[in-house]
Chemist: 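I have a structure here, written as structure tokens, and I will follow up with some questions on it.
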Amino acid sequence: LDVADGVYLTERERGKIRQTGRHLAGARPPEDETVVVEHGLSYAIQLGSGPATGLYFDQRANRKIIAGLAAGKSLLNTFAYTCSFSLAAASQGASTLSVDLSKASLQTARADFELNGIPADNHRFIADDVMDVMPRLDRRNERFAVVVLDPPTFARHGKKTWSTERDYARLAGLGAKLVEPGGWLVAFANTHRMTEGEWKAEVLRGISGAGTFRVAQKMGQDLDFRYRPGDPTSHYLKGLLLERLD
């Protein structure tokens with residue numbers, strides 16, 4: 001290999017991980033931490049840990065868009081994982097609030113902020129259920145210039161479950177309430193179980209009572225994550241950029 005330190009393979013079988021981080025070639029073993037640079041920012045990732053390496057590369061272009069929208073303003077990042085949207089926005093002077101159930105993921109995010117020399121003063125991290133946190137923020141009348149919704153397709157927490165098909169309308173409504181006038185709601189869905197039209201209808205249904213919004217732009221996976229005609233599983237990342245008008 002002339003250009004790669006290592007090549008890794010993660011296999012899936014009917015949606016489940018069958019083998020994690022198999023090292024195919026190259027000198028770098030899979031347990032090594034790797035720092036990647038995207039749009040001038042450094043992210044620490046674990047290539048040997050399966051699909052959840054710490055950074056989803058299909059959102060690369062969307063991170064740049066969101067950073068521009070939030071520059072010098074405020075951002076709420078829900079289902080934040082390792083907070084890559086927050087880091088991108090913070091690099092442009094935004095204050096951020098990141099919410100995720102996983103304390104470990106948020107700890108990784110703090111390390112990435114430190115790696116990039118960004119002080120944590122204007123950045124909050126909350127390890128809690130997004131669907132519980134957002135109503136609390138609304139009751140405190142907190143509002144944000146940009147609100148990002150990027151949930152998993154399905155998740156379980158104790159006796160609670162999250163499902164995109166069942167719960168997205170409610171999530172969109174909660175998020176829309178937290179967008180300040182003139183601000184932006186950025187909604188994503190990582191699923192092939194719903195068509196783009198079906199998912200969009202759920203988003204619009206959810207925000208219908210939470211203000212006046214217009215769809216400014218469709219978003220999706222970056223260009224090198226290509227769609228295969230006739231294969232709905234390849235068009236898995238759906239996104240909408242909605243501007244609040246009132």
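Note that the numbering runs from 1 along the sequence shown for the chain. All figures in this text were calculated on a predicted structure; none of them were measured in a lab.
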Chemist: Would you call Thr153 and His192 a side-chain contact if the rule is heavy atoms closer than 4.5 Å?
Modeler: no

Chemist: Enter the distance from Leu75:CG to Gln92:CD here, rounded to the nearest 0.5 Å.
Modeler: 12.0 Å

Chemist: To the nearest 0.5 Å, how far apart are CG in Asn190 and CH2 in Trp199?
Modeler: 9.5 Å

Chemist: Between Gly211 and Asp246, what is the shortest heavy-atom contact and its length?
Modeler: CA-OD2, 3.5 Å

Chemist: Drop me the distance from Trp184's CH2 to Leu241's CG, to the nearest 0.5 angstrom.
Modeler: 5.0 Å

Chemist: Nearest 0.5 Å, what's the OG1-CG distance between Thr161 and Asp167?
Modeler: 6.5 Å

Chemist: Check the hydrophobic clustering (I, L, V, M, F, W, Y; side-chain heavy atoms under 4.5 Å; chains of links allowed) and say if Met194 and Phe188 are grouped together.
Modeler: no

Chemist: Give me each pair satisfying side chain to side chain donor-acceptor pair (under 3.5 Å) with a member in residues 204-216, each pair once, sequence neighbours excluded.
Modeler: Glu202-Arg205, Arg214-Glu243

Chemist: Where do Ser91 and Ile118 land on the side chain to side chain contact (heavy atoms under 4.5 Å, CB included) test, with the steps shown first?
Modeler: CA-CA 7 Å; Ser91 73; Ile118 298 176; 4.3 Å; yes

Chemist: Is Val148 reachable from Leu240 through a run of hydrophobic residues whose side-chain heavy atoms are each under 4.5 Å from the next?
Modeler: no

Chemist: So, do Phe79 and Leu149 sit near enough that their side-chain heavy atoms are less than 4.5 Å apart?
Modeler: no

Chemist: Quick one: are His123 and Leu87 in side-chain contact, heavy atoms under 4.5 Å?
Modeler: no

Chemist: Mind listing the closest non-hydrogen atom pair of Cys83 and Leu106 along with its distance?
Modeler: SG-CD2, 3.6 Å

Chemist: Within the distance-only criterion (no hydrogens, no angle test), does the side chain of Lys238 pair as donor or acceptor with the backbone N or O of Met219 below 3.5 angstrom?
Modeler: no

Chemist: Test salt bridge (charged side-chain N to carboxylate O under 4.0 Å, His left out) on Arg140 and Asp138 and set out the steps.
Modeler: CA-CA 5 Å; Arg140 295 202 298 262; Asp138 184 35; over 6 Å; no

Chemist: In terms of hydrophobic clustering (I, L, V, M, F, W, Y; side-chain heavy atoms under 4.5 Å; direct or indirect links), are Phe125 and Ile66 co-clustered?
Modeler: yes

Chemist: Could you check whether any side-chain heavy atom of Thr96 comes within less than 4.5 Å of a side-chain heavy atom of Phe113, counting everything from C-beta outward?
Modeler: yes

Chemist: Do the charged groups of Lys103 and Asp128 touch, with an N to O distance under 4.0 Å?
Modeler: no

Chemist: Below 4.0 angstrom, N of the basic side chain to O of the carboxylate: do Glu38 and Arg60 qualify?
Modeler: no

Chemist: Shared ILVMFWY cluster between Leu204 and Phe213, side chains joined below 4.5 angstrom?
Modeler: yes

Chemist: Looking at Tyr168 and Ser163, would you say the former's side chain and the latter's main chain have a donor-acceptor pair under 3.5 Å?
Modeler: no

Chemist: Strictly distance-based, threshold 3.5 Å: is any side-chain N or O of Asp100 a donor or acceptor partner for the main-chain N or O of Ser102?
Modeler: yes

Chemist: Give me the atom names and distance for the closest heavy-atom approach of Pro152 to Thr164.
Modeler: O-OG1, 3.3 Å

Chemist: Quick test of your reading: applying side chain to side chain donor-acceptor pair (under 3.5 Å), list the pairs with at least one residue in residues 70-82, sequence neighbours left out, ordered by first then second residue.
Modeler: Asn77-Ser86

Chemist: Is the backbone of Pro181 close enough, under 3.5 Å, to the side chain of Arg143 for a donor and an acceptor to pair up by distance?
Modeler: no

Chemist: Distance from Arg244 atom CZ to Glu180 atom CD, nearest 0.5 Å?
Modeler: 10.0 Å

Chemist: Working note: Asp58 + Tyr236, criterion side chain to side chain contact (heavy atoms under 4.5 Å, CB included); need CA distance, chi angles, decisive distance, verdict.
Modeler: CA-CA 10 Å; Asp58 53 4; Tyr236 60 92; 2.6 Å; yes

Chemist: With a 4.5 Å cut-off on side-chain heavy-atom distances among I, L, V, M, F, W and Y, is there a chain of contacts connecting Leu171 to Val146?
Modeler: no

Chemist: Would a 4.5 Å heavy-atom cut-off, applied to side chains only, mark Val186 and Val147 as touching?
Modeler: no

Chemist: Nearest 0.5 Å please: distance from the OG atom of Ser98 over to the CG atom of Leu76.
Modeler: 8.0 Å

Chemist: Side chains of Thr53 and Gln46: does their closest heavy-atom pair fall under 4.5 Å?
Modeler: no

Chemist: Stepwise, does the side chain to side chain contact (heavy atoms under 4.5 Å, CB included) test hold for Ser84 with Tyr56?
Modeler: CA-CA 9 Å; Ser84 61; Tyr56 289 110; over 6 Å; no

Chemist: Using a 6.0 Å cut-off, check whether atom CD of Glu114 has over 12 heavy atoms from anything other than its own residue.
Modeler: no

Chemist: I'd like to check Leu115 versus Leu41 (side-chain heavy atoms, cut-off strictly below 4.5 Å). Are they in contact?
Modeler: no

Chemist: Do you know which two heavy atoms are closest between Ala127 and Leu101, and how far apart they sit?
Modeler: CB-O, 4.2 Å

Chemist: For the pair Asp150 (side chain) and Ala187 (backbone), establish whether a donor and an acceptor sit closer than 3.5 Å, ignoring hydrogens and angles.
Modeler: no

Chemist: Okay, side chain of Arg63, backbone of Phe85: is any donor-acceptor separation there less than 3.5 Å?
Modeler: no

Chemist: Compare all side-chain heavy atoms of Trp162 with those of Asp129 and state whether any distance is below 4.5 angstrom.
Modeler: no

Chemist: I'd like to know whether Arg170 forms a side chain to side chain contact (heavy atoms under 4.5 Å, CB included) with Met131, so could you lay out the CA-CA distance, the side-chain angles of the two residues, the decisive distance to 0.1 Å, and finally the verdict.
Modeler: CA-CA 9 Å; Arg170 179 173 171 241; Met131 305 298 278; 3.3 Å; yes

